Each structure stands twice: as structure tokens, then as C-alpha cells.
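This report refers to the structure that appears directly beneath it.
The figures that follow rest on heavy atoms only: side chains count, while hydrogens, waters and symmetry mates do not. Keep in mind that this is a model prediction, so the values were computed, not measured. In what follows, chains carry the letters A, B, and so on, assigned in the order in which the sequence lines appear, proteins first and then strands, with residues in each chain numbered from 1.
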Number of protein chains: 2
Amino acid sequence: MTIRLLLADDQDLIRGALSALLELEEDFEVVASVGRGDQVADAAAEHRPDVALLDIEMPGLDGLAAAAVLAKRLPACRVVILTTFGRAGYLRRAMEAGAVGFVVKDAPPETLADAIRRVMAGQRVVDPALAAATLAAGESPLTARERDVLNATRSGAGVADIAARLYLSEGTVRNYLSAAIAKTATRNRAEALRVADERGWL
Amino acid sequence: MTIRLLLADDQDLIRGALSALLELEEDFEVVASVGRGDQVADAAAEHRPDVALLDIEMPGLDGLAAAAVLAKRLPACRVVILTTFGRAGYLRRAMEAGAVGFVVKDAPPETLADAIRRVMAGQRVVDPALAAATLAAGESPLTARERDVLNATRSGAGVADIAARLYLSEGTVRNYLSAAIAKTATRNRAEALRVADERGWL
DNA sequence: ACCTCGCCATGACATTTGTCAGGGTCCGGC
DNA sequence: GCCGGACCCTGACAAATGTCATGGCGAGGT
């Protein structure tokens, strides 16, 4: 009995390559392949895959959000997140979104097929080292507002811009930034943004 | 007559997948596959590929530097850069390093095989849209020092840290930063770094 | 009802960052 | 031989950023 797969990755070439890799296994069949997160649920509803392989960075809807939608609409379809970044926060959010597997793109090639079969057998599949890192990073101590403000600094915007965009006063924005800097134990926004990102606090 | 290929990409899974994709073509044979830039030249010397497919982001030596080494040691081996980022500066530097092809990872899957055959036929292969963008971005107006300083801000370090790391005075660092901000027509380091990155000026 | 806590805000302050106007060396090209 | 430009530095100033003390409002918990 063959395992039906759905593949979601925004890079066409990679998607094609993964498809080629997976089709080498006799018990796998790629039944759907999409390039946007917001096409995942529809494609899954139509082709009824056993396992969905989702990249995180995708236009439309990211892989984590797509996983959540999928878990709701087709609980029978198991979700494996397949991503470039072994970030702690990604793993936590993947689990919260109902994923049962998490594979990073620099794992050895056999890992993927292996993970898919294990997931089909009802197991959860996670790199142990990454799981440890995730626990170490802990829950995000940032409040929703602090997250918003920190995220808004991404483009390099100044306090005034952020205040305008979020309808806050400049003083308030500075406060949140200050709080975020304190909580990340850093010395300025740029650093705070970087470590919050790494820890998956955004 | 089959085309012998060398594959270099730091992500094992992707490398395996690309290999699977390429092996589907009867006239292709992947004769070597490495995960670090500094292994490219040796592997090529040993296996004599006709075409080397190099990712840019790699540990040891990046794909562009590896291309330059390869062009020197095995001029018969044609280089195709295969990268995630269609950044203008990457393309320019790839051409300067002696690459004859440039393919982005979100191109349609057939593109790759096509590019390889075209390159074997003596043609250069570049996405026209990207080529236009590269010309539009122009040469980098940044001096070597301005590049250094701007690059050093990546981690979010302050002026004092950078000054220490580069053995410059704080005033000088501020000057270079100021110059870089002016040349990118932005309003602070973060923005300057972002646009310089996009334009391939680093 | 009271307390806590997240959220919003203010104003004052120290520090950091960006700008400007200098002045110095060294090198390659006209 | 002189000029221009990359490179290094200083010091002074304005603007942006980060910190702190303080207070009001609303929601949830005891």
C-alpha cells in the first residue's frame, strides 16, 4: 500500500527535486505539489494525501499556519514540516500547529523517507538536538505589543514611523523597545530583533 | 555522450534531491557531490565533471570563490551558479568569477536541465529579468572600508564594538557609516545595510 | 472590592548615533 | 610635480535612541 504525499515549497526547482527524490521510493507517491501556503488546504482536500510535507517560508500563508488549517480541515492528513532553519521557535510553533514531524533541509537524504514512514506508523519525528534547544529557549516572555513593535523595526524604520504605523505615541514605542531589549538581554534594537528571531519569540 | 556533473550545496537533503532530479535525464550523470565550497576544486580535479553546479551559501568557501578557483584549476569545467537568491550583486560577482550560467532555485524544474545543456553548447545562461536588475543596480559606490564597516553592523554591534574589531577610532566608524547611509539614500544603519544587501553592494 | 498585570501614555534624562567641518598620510595618473 | 581620491583621524553639534519614574485605564483573579 503506497503512501500518498503532498509537497508544498515555494521554490519550484526544489519542489521538483524533492519530488524526484521521493518518487524513487516504490511506496511513495506524490499526489499534489503546490507553491503557496494558501493552496495547501484545497489541494489536500482534493487529493487526500496521507502526509503533507510543508516548507515554512512560503508566500500567501506560511507553512505553520497552513499546518493549523490542515489539522482542522483534514485531521487524517499528517503534517511534517520541512524547513531550512532549525530554529527553536519554529519547532514549538510547528508542534502547536499540530505537526507530527519536523525535518531540516540539511539532514541526510535518507532521513526524509525515514521520517515519513515513521510518521505513518504513528510516531512523532523530531531531531533530538533541536528539541533540546527548543526547551532551552523557553516560552516567549514578550507581550503581544512588544512583539509588534520589535517586528516593525525589521525594515529599519525609526521610532516615529513605527508609532505612526501602530497608532502609538513615540514614548510608548520606546518603552516597548526598551522592554524587549531588557528581556533579550541585549543592548539595542538590532540585537534584540536578532536574538528574539533566533529564539522564535516572534 | 553523457554530461558529467558536480553538485555542491551545503544542504544534504537538497543535494540528494537535486541529484535525483538530474539523474532522471538519461544524458546526465552526477559524478561528484560535496557539501562545502573548499571541497569543490579537489572533487572536480578527481572526477573531471563537464559542468559544476554550485550553490552560493556554503561553509568553508562560498560558491563564488569556489567558482574562481575552479576556473583557474580546471578551465574546461563550466560553472553554473545555483542559488536561492536572485540578488543583483550575486550575478555580477558570479560572472566576474567566471561562471557561465546562473539559475535561481525558484525557477521551473525543467530550467535546470535546459541550462546545463545550453551551457554545454557553449552558451551563457542567465535569467533576462535578473540581468536587467543587475544592470539597474549598477556598480557598488561603496569603498572597501565602508563595506567592512557596514558588514560589521550585521550582528547589531555598536560603534565601539566595530571600532575595536576593525582597529579604527569610533569617529571614523561613524564617518563610514554616515557615508554608507548617504550613498544608499537611507536614514540609518539598519536601512543602509538592507538596501546595500539587496543591491549586492556587499 | 481589591490587587495585579498588561496596555497606553508622558516628560525628563543619559547615551548613542548621524552629520559636518576640519586636517593628516599615501598612492596613481595626468 | 601636482591633483584627486581612498583612507585615517579629531572634535563639536543635533537628532535619535534607550532608561526611568510616574500615572491612568480595563480585564481577570482572589
Please confirm whether the backbone N or O of [Y] pairs with a side-chain atom of [X], one donor and one acceptor, at under 3.5 Å?
X: Arg145(B); Y: Tyr176(B); result: no
X: Arg4(B); Y: Val30(B); result: no
X: Arg194(A); Y: Ser155(B); result: yes

* Asked: Any side-chain heavy atom of Glu46(A) within less than 4.5 Å of one from Asp42(A)?
  ->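 No, too far: nothing below the 4.5 Å cut-off.
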* Do any pairs count as a salt bridge (Lys or Arg N to Asp or Glu O under 4.0 Å) and have a residue in residues 151-171 of chain A, sequence neighbours left out, and if so which ones? ->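 Listed once each, the pairs are Arg154(A)-Asp197(A), Asp161(A)-Arg187(B).
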* To do: Flag this pair as yes if the NZ/CZ of Arg87(A) is under 6.0 angstrom from the six-membered ring centre of Tyr90(A) and inside a 45 degree cone about the axis; otherwise no.
  =>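 Relative to the ring axis of Tyr90(A), which defines the angle, Arg87(A) lies inside both limits.
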* Asked: Quick one: is Tyr176(B) getting a side-chain N or O under 4.0 Å of the dA6(D) phosphate, OP1 or OP2?
  ->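 So the side-chain polar atoms of Tyr176(B) never come under 4.0 Å of the phosphate oxygens OP1 or OP2 of dA6(D).
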* Asked: Are Arg145(B) and dC8(D) close enough that a side-chain N or O sits under 4.0 Å from OP1 or OP2?
  ->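 Answer yes for this pair, as a side-chain N or O of Arg145(B) is under 4.0 Å from OP1 or OP2.
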* To do: Before accepting this row, confirm whether a basic side-chain N of the pair Asp12(A)/Lys105(B) lies closer than 4.0 Å to the acidic partner's carboxylate O.
  =>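 Salt bridge between Asp12(A) and Lys105(B), a charged N being under 4.0 Å from a carboxylate O: no.
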* Salt-bridged, Arg15(B) to Asp55(B), with N to O below 4.0 Å? ->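 No salt bridge links Arg15(B) with Asp55(B).
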* **Span of DNA chain C, from the first to the last nucleotide whose atoms fall under 4.0 Å of chain A heavy atoms** =>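 On DNA chain C, the outermost contacted nucleotides are dC7(C) to dT10(C).
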Hey, what are the protein-to-nucleotides 10-17 of chain D N/O distances that come in under 3.5 Å?
| unit_1 | atom_1 | unit_2 | atom_2 | d |
| --- | --- | --- | --- | --- |
| dT10(D) | OP2 | Ser169(B) | OG | 2.9 |
| dT10(D) | O4 | Asn175(B) | OD1 | 3.1 |
| dT17(D) | OP2 | Val159(A) | N | 3.2 |
| dT17(D) | O5' | Arg189(A) | NH2 | 3.1 |

